[in-house]
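Working notes, beginning with the structure itself.
Computed from a prediction, not measured in an experiment: that's the story for all the values here.
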Amino acid sequence: DTAVSQTPKYLVTQMGNDKSIKCEQNLGHDTMYWYKQDSKKFLKIMFSYNNKELIINETVPNRFSPKSPDKAHLNLHINSLELGDSAVYFCASSPRGVAGSGNTRYFGEGSWLTVV
Amino acid sequence: GESVGLHLPTLSVQEGDNSIINCAYSNSASDYFIWYKQESGKGPQFIIDIRSNMDKRQGQRVTVLLNKTVKHLSLQIAATQPGDSAVYFCAENSGGSNYKLTFGKGTLLTVNP
């Protein structure tokens, strides 16, 4: 069983479209995250949710809207896609939202988004 | 190859040698640090972590050293194997109780057989 699963794995779409990436974790974790990894492999946090509540929003354009229907799911919806949105988007989860030994962050396999 | 155009720091070692990957972190208030390994086409995978009240922690074939004075973290991999080839990231919790992990630039480790 995959611990953190994202769909789709690959997405090619045109500028201006709206798209969603879904994420589910079956680990029973309280906290979920979205990260963006650019072409230089730089990983930057976008959002963090703890028990369905937004706790981190890192100056991401409001074209990006996360939605957490329950604590096992955190979806990312992107409106009016731009060329600069092309990246790999990673979902992650951790047992709780507080740092500590053993509170490891588990990542999904990534969703490769290409905007043309 | 994968490294073309990435401009990542790179480290190339022979199989069986020890590897040391270095990381300078930015926030002197960071209290928790993690090393991740990212293989090609996959998500980052936890390797080892360390709290700021420690200066060394050992795992299986890996050791993390923390020097808070100079804000430096290192990952030592003993007897490096071809399966260790990946991009390695250090990450610091700079958000206090909000557990905001900030990732470093990443180092590409290539192990030559």
Side-chain angles (χ1 to χ4, degrees), chain A residues 2-7 9-10 21 23-25 27 29-51 53-60 87-112, chain B residues 1-10 23 25-27 29-54 56-59 64 66 86-109:
Chain A
T2 304
V4 182
S5 58
Q6 306 177 217
T7 54
K9 188 170 177 71
Y10 300 101
I21 307 171
C23 179
E24 176 182 5
Q25 53 95 3
L27 298 165
H29 289 170
D30 284 346
T31 312
M32 295 186 72
Y33 313 82
W34 277 108
Y35 281 82
K36 179 180 179 181
Q37 187 171 48
D38 62 22
S39 58
K40 291 182 170 57
K41 296 289 191 184
F42 185 61
L43 263 170
K44 186 170 165 48
I45 190 163
M46 300 173 69
F47 301 102
S48 167
Y49 270 72
N50 190 58
N51 265 319
E53 288 191 29
L54 179 68
I55 55 174
I56 294 176
N57 181 344
E58 280 293 299
T59 31
V60 177
V88 185
Y89 292 85
F90 286 100
C91 178
S93 72
S94 62
R96 52 198 179 278
V98 180
S101 191
N103 191 16
T104 305
R105 200 160 292 189
Y106 294 83
F107 283 81
E109 297 280 272
S111 295
W112 269 251
Chain B
E2 184 182 355
S3 62
V4 173
L6 287 178
H7 306 295
L8 280 177
T10 57
C23 175
Y25 63 92
S26 57
N27 190 337
S30 292
D31 58 1
Y32 177 59
F33 305 86
I34 307 178
W35 278 99
Y36 281 91
K37 171 187 180 183
Q38 187 178 19
E39 296 177 74
S40 180
K42 295 191 174 181
Q45 182 183 11
F46 172 88
I47 302 173
I48 192 167
D49 60 359
I50 188 168
R51 290 208 66 101
S52 58
N53 60 356
M54 302 171 69
K56 180 179 179 178
R57 190 158 189 234
Q58 287 185 288
V64 55
L66 174 63
V87 177
Y88 288 81
F89 293 94
C90 67
E92 60 182 303
N93 175 43
S94 54
S97 60
N98 275 339
Y99 193 15
K100 176 183 156 185
L101 270 188
T102 302
F103 281 76
K105 189 184 289 191
T107 297
L108 175 62
L109 174 67

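- Residues passing the salt bridge (Lys or Arg N to Asp or Glu O under 4.0 Å) test with Glu58(A) are Lys100(B), sequence neighbours excluded.
- Heavy-atom distances place the side chain of Lys9(A), and not its backbone, under 4.5 Å from chain B.
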Criterion side-chain contact (heavy atoms from CB on, under 4.5 Å) on Asn27(B) and Glu92(B), from CA distance to verdict: CA-CA 8 Å; Asn27(B) 190 337; Glu92(B) 60 182 303; 3.4 Å; yes
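- For Gln45(B), the side-chain contact (heavy atoms from CB on, under 4.5 Å) test picks out Glu39(B), with sequence neighbours left out.
- There is no contact between Gln6(A) and chain B, counting heavy-atom distances below 4.5 Å.
- Across Ala91(B), Pro44(B), Gly106(B), the residue that shares the most heavy-atom pairs under 4.5 angstrom with chain A is Pro44(B).
- Between Lys37(B) and the choices Ile48(B), Ile47(B), Leu109(B), Val87(B), the side-chain contact (heavy atoms from CB on, under 4.5 Å) rule is met once, by Ile47(B).
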